[in-house]
There are 2 protein chains.
Amino acid sequence: MVAGGSLREVSRRAVQSRIARTAESLFADKGFEETTVDEIAAAVGMSQRSFFRYFASKDEVVFEGLERLSEQLATRLAARPLEEPEWDSLRRSFDPVAERFADPEHREHDAAIQRIIDRSPRLLAAYLCRLERLQRALTEALLARAVRRSECGTDEVVVRAMVGGACACLHAATLHAAEDPEAFGRGLDRAMTALRPAA
Amino acid sequence: MVAGGSLREVSRRAVQSRIARTAESLFADKGFEETTVDEIAAAVGMSQRSFFRYFASKDEVVFEGLERLSEQLATRLAARPLEEPEWDSLRRSFDPVAERFADPEHREHDAAIQRIIDRSPRLLAAYLCRLERLQRALTEALLARAVRRSECGTDEVVVRAMVGGACACLHAATLHAAEDPEAFGRGLDRAMTALRPAA
DNA sequence: TCCTCAAGTGTCAGCGACTGTCAATCATTG
DNA sequence: CAATGATTGACAGTCGCTGACACTTGAGGA
């Protein structure tokens, strides 16, 4: 577990976020598909080849921040108390997302990114892929918890479905928040209350 | 609403499924990413350009059948009785999927396709995209139903989340069925029973 | 001080998905 | 038979992305 990273990694991160900022403004202006990697690289002042040394693909630029948030959720879930009902643990692990929506500055930025994603089928696909990966991570966390509680009879399908259901609530609230950003938290709570499993 | 389509469309469909069959066997042999469109076209006996006249992208070949199944689910849901609880309607609209898993011939074919999808990140993304589209369609169907029952107070976020939860059950059962195809139906029922909303 | 080594970069060449264009072909219809 | 419209192949081009190689630069040791 490395916290900050070496000096080299820090400067690498700095370049990455410079690229990301530049690219995002281009995407917002012209759209994702209409912006070529060459243009981004030129705007940053580097060759196309170097762009691909910082990001494995054009898609990744957009999801730079989301990746970190996603990891945060998984570690949060793992840190919840063992006795807490799983549904509540899932809800609590979503808190960082709600906090981002509460902070106006982050909200503005995230909304811009979401607009970019919604307008590009390719990006939507990539986004859903990340969501799927998040679900796998959350499922593993819950399964590991079940083991630690020495519940041998845990039904993997049910856990997977429950995580999927919770993430569906998150996704639905996010879509809803596209129209009314303030309503994210309330929407999420309504959805998760309505879908709460009986057990 | 056209049922069969004109003679031209029928022959077009025939060519499409010939391409699809050829492509699938190539994918199964060498993998999706490792098979070029040129190879597929050559194997079918046409130019690459013509391939793209039948399929908008290389991805689409794989999802030819799934698309139809998806439409089937949406129309099924719309046809369920108004009084039926939404969760039950969703479960019933999934019946065609269960039936496919029950039929050994279809199951074999679908399992092959699923293996292809699972081995390619790009295809997984495309698959999740279709699932998302299915969710949109199902959500619309349920919302339309609420209108017909003249329930004005329907919470769109909750409906969206509920559909998402049901589809999460479907997805979880599908993943589970990758290991044990016979267990699809049981897995789906366990998941949907466990996640059934209280209301 | 000079040499060396490693990291970062630019250039170039190439692959594969996909698109636009145009001319040739083929079947249909009058 | 001639005109028309749909289908096709051939070709050229764009864009995302990768591999190979040469160059620069800055840090550290001889």
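Note on naming: letters A, B, ... go to the chains in the order of the sequence lines (proteins, then strands), and numbering restarts at 1 for each one. Given the structure is predicted, the values throughout are model-derived calculations rather than measurements.
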| message | Holding to salt bridge (charged side-chain N to carboxylate O under 4.0 Å, His left out), I want the full list of residues that pass it with A:Arg49, two or more places apart in sequence or in another chain. | response | none
| query | Looking at residues at least two apart in the chain, or sitting in another chain, which of them share a salt bridge (charged side-chain N to carboxylate O under 4.0 Å, His left out) with A:Glu39? | reply |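 Result, salt bridge (charged side-chain N to carboxylate O under 4.0 Å, His left out) vs A:Glu39: A:Lys30.
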Quick one: which residue pairs count as a side-chain hydrogen bond (donor to acceptor under 3.5 Å, both in side chains) with a foot in [range], not counting sequence neighbours?
range: residues 176-189 of chain B; answer: B:Arg91-B:Asp189
range: residues 15-27 of chain B; answer: B:Glu24-B:His109
range: residues 110-119 of chain B; answer: B:Arg100-B:Asp110

| field | Qualifying residues under side chain to side chain contact (heavy atoms under 4.5 Å, CB included), relative to A:Glu151, sequence neighbours excluded | value |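 For A:Glu151, the residues satisfying side chain to side chain contact (heavy atoms under 4.5 Å, CB included) (neighbours in sequence not counted) are A:Ala146, A:Arg149, A:Thr154.
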| message | I'd like to check the side chain to side chain contact (heavy atoms under 4.5 Å, CB included) partners of A:Pro81; sequence neighbours left out, ordered by chain and number. | response | A:Glu83, A:Glu84
| request: Respond yes when some side-chain nitrogen or oxygen of B:Tyr54 is under 4.0 Å from OP1 or OP2 of D:dT7, and no when none is. | output: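 B:Tyr54 to D:dT7 OP1/OP2: no side-chain N or O under 4.0 Å.
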| Is B:Ser47 near enough to D:dA10 that one of its side-chain N or O atoms lies under 4.0 angstrom from OP1 or OP2? | no
| task | Using a 4.0 Å cut-off on protein heavy atoms (strictly under), produce a 5'-to-3' string for nucleotides 14-26 of chain D with B for base contact, S for backbone-only sugar-phosphate contact, and - for none. | result | -SSBBBB------
| request: For DNA chain C, write out the stems as range with range, using runs of 3 or more consecutive Watson-Crick or G-U pairs with both distances under 3.5 Å. | output: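 In DNA chain C, stems of three or more pairs: C:1-30 with D:1-30.
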| field | For A:Ser89, the option from A:Arg80, A:Arg76, A:Arg145 that meets side chain to side chain donor-acceptor pair (under 3.5 Å) | value |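 Of A:Arg80, A:Arg76, A:Arg145, side chain to side chain donor-acceptor pair (under 3.5 Å) with A:Ser89 is met by A:Arg145 alone.
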| request: Can you run down the ring pair (Phe, Tyr, Trp, His ring centres under 6.0 Å) pairs that involve residues 22-47 of chain A, sequence neighbours left out, and say none if there aren't any? | output: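 Passing the test, one end in residues 22-47 of chain A: A:Phe27-A:Phe32.
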| message | Let's see if you get this right: which residues in residues 16-27 of chain A place a heavy atom under 4.0 Å from DNA chain D? | response | none
| request: Could you tell me which residues satisfy ring pair (Phe, Tyr, Trp, His ring centres under 6.0 Å) with B:Phe184, sequence neighbours excluded, listed by chain and number? | output: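 Result, ring pair (Phe, Tyr, Trp, His ring centres under 6.0 Å) vs B:Phe184: B:Phe101.
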